[in-house]
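Inspection log for the structure reproduced underneath, given as structure tokens.
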Amino acid sequence: MAATVTKSNPVRLRSFCFLRSMFHFKNILESTCLFVALCVLMGHSLAEEQEFVEDFLKREFSLAKPYRGLGFSSSSQWDLMGTAMVTPDYVRLTPDLQSRQGAVWSRIPFSLRDWELKVQFKIHGQGKKNLNGDGLAFWLTKDRMQNGPVFGNMNHFVGLGIFVDTYPNADKGHDRTQPGTQRAFPFISVMLGNGTLSYDHDFDGRPTELGGCTAMTRNAIYDTFLLVRYSKNRLTLMVDVDGRQEWKDCADITGLRLPMGYFFGASSATGDLSDNHDIISMKLYQLTVKRAPEEEEEEEVTIPSVDNMEQFHVDVQEEGMSGLQFFFTLLFSIMGLGVLAVVGLMVYGRWKENRRKRFY
């Protein structure tokens, strides 16, 4: 009986080991199949995501290498103006020379409701800090190809302007009279023009500024990337100046309304001070956004506007009088009072004398 039991154990053990190995092999096979399936799905998902980005890139509104026929070919979607010139690596709006203006403008009117613009640019030159200028601007405006004083474009424009200002024109005294208004340059700001508003260079556009941020874009190690997103009447602006591929918030403006049919562009200007202003790429994407029925039935916008414009106004205080100005003002005031007193005494004396003569 004992021998029988002893002989049966190896058979059971071999059967158990075989079943265990089969179960283990089955698990490995299932795991392998699951892993392969996940890899295929992930790869397919990534491919669909990449395809999605490509599908919504609007090439007719985008400017990128190799810039074939830019400004010269009838098939080009962009025009050059002023000192703008094309190289294999960038479109230079203005060189590092005084009194230059240059621009590049889209030929096709823009008609998307929700969009995103990614710009890659570079500002560099030989001038030292605060001895360079003036900056560049990105536009979505009613008029195109117009020279002017606002970074190479017309003043009293109609549409959207985003300014990369590299030189502080405002007197530093204005910053000191207003706590919390000091800012470092270069400074990126947003303005909405309706045809009547004027960009004030003397105060770096602060009276009409909707938002902005400091961004050390000049002579940076890396190219500067700017992202402008417009969706559901909201404009957000983000920048990347550190080459980390991380966006930093710059401005967020709600209640902003832009009409259709405007033109994209970029312009730059130099004055007594100068810099190289280079556009490397401008890529525009159409955004797919879910909208409620009431949002779909919004009225057509004919004039650019923004809700509660008053909240964006910055009151610029007048600079206080210097000591010398105060001295002369006080001196002339005293002299004026003295003259008035002498004249008054003379008139009073003559009146008194005439009155005395009446009694004789």
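Just so you know, these numbers use all the heavy atoms, side chains as well, and skip hydrogens, waters and symmetry mates.
- The two residues Gln146 and Asn153 come nearest to each other via the heavy atoms O-OD1, 2.9 Å.
- For the pair Glu300 and Arg113, the salt-bridge criterion is not met [side-chain N within less than 4.0 Å of a carboxylate O].
- Note on Asp307 versus Arg257: salt bridge recorded, some NZ/NE/NH1/NH2 to OD/OE distance being below 4.0 Å.
- Screening residues 242-278 for ring-ring contact (aromatic ring centres under 6.0 Å, His included) gives Phe110-Phe264, Trp115-Phe264 as the qualifying pairs, with residues at least two apart or on separate chains.
- Under a 4.0 Å N-O distance rule, the pair Asp252/Arg234 qualifies as a salt bridge.
- Of the possible polar contacts, none joining the Lys142 side chain to the Ile303 backbone as a donor-acceptor pair under 3.5 Å is found.
- With sequence neighbours left out, Phe157 forms a ring-ring contact (aromatic ring centres under 6.0 Å, His included) with Trp139.
- The pair Lys248-Asp240 does not meet the salt-bridge criterion, since no charged nitrogen lies less than 4.0 angstrom from a carboxylate oxygen.
- Two residues are said to be in side-chain contact when any heavy atoms from C-beta on lie closer than 4.5 Å; Leu273 and Gln98 fail this criterion.
- Applying the disulfide (SG to SG under 2.5 Å) definition to pairs two or more places apart or across chains, those involving residues 221-271 are Cys213-Cys250.
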Subject >> Test log, rule side-chain contact (heavy atoms from CB on, under 4.5 Å), inputs Val241 and Asp223 >> reply: CA-CA 7 Å; Val241 297; Asp223 294 342; over 6 Å; no
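- Not one N or O on the side chain of Thr208 forms a donor-acceptor pair closer than 3.5 Å with the backbone of Met191.
- For the side chain to side chain contact (heavy atoms under 4.5 Å, CB included) with Trp78, the lone residue among Val91, Val86, Leu70 that qualifies is Leu70.
- A side chain to side chain donor-acceptor pair (under 3.5 Å) check over residues 62-71, counting only residues at least two apart or in different chains, returns nothing.
- In this structure His124 satisfies the side-chain contact (heavy atoms from CB on, under 4.5 Å) test together with Arg92, Lys122, Asn219, Asn276, Asp278, sequence neighbours excluded.
- Side-chain atoms of Leu227 and Leu237, non-hydrogen and from C-beta on, never get closer than 4.5 Å to each other.
- Using a distance-only test at 3.5 Å, with no hydrogens or angles considered, a donor-acceptor pair links the side chain of Asp275 to the main chain of Gly125.
- Here Tyr199 pairs with Phe151, Phe163, His201 under the ring-ring contact (aromatic ring centres under 6.0 Å, His included) rule; sequence neighbours left out.
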Subject >> Trace of the side-chain hydrogen bond (donor to acceptor under 3.5 Å, both in side chains) decision for Thr94 with Thr270 >> reply: CA-CA 7 Å; Thr94 55; Thr270 64; 5.4 Å; no
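- The hydrophobic clustering, which links ILVMFWY residues whose side-chain heavy atoms are closer than 4.5 Å, places Ile279 and Phe225 apart.
- A 4.5 Å side-chain heavy-atom check between Val190 and Leu160 finds at least one atom pair inside the cut-off.
- Counting non-hydrogen atoms of neighbouring residues, nucleotides and ligands closer than 6.0 angstrom, the CD1 atom of Ile221 reaches no more than 12 such neighbours.
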Original post:
Under the side-chain hydrogen bond (donor to acceptor under 3.5 Å, both in side chains) criterion, do Thr196 and Asn194 qualify, and how do the steps go?
Top reply: CA-CA 6 Å; Thr196 62; Asn194 59 8; 2.7 Å; yes
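- Salt bridge status for Arg183 with Asp204: absent, with no side-chain N to carboxylate O gap under 4.0 Å.
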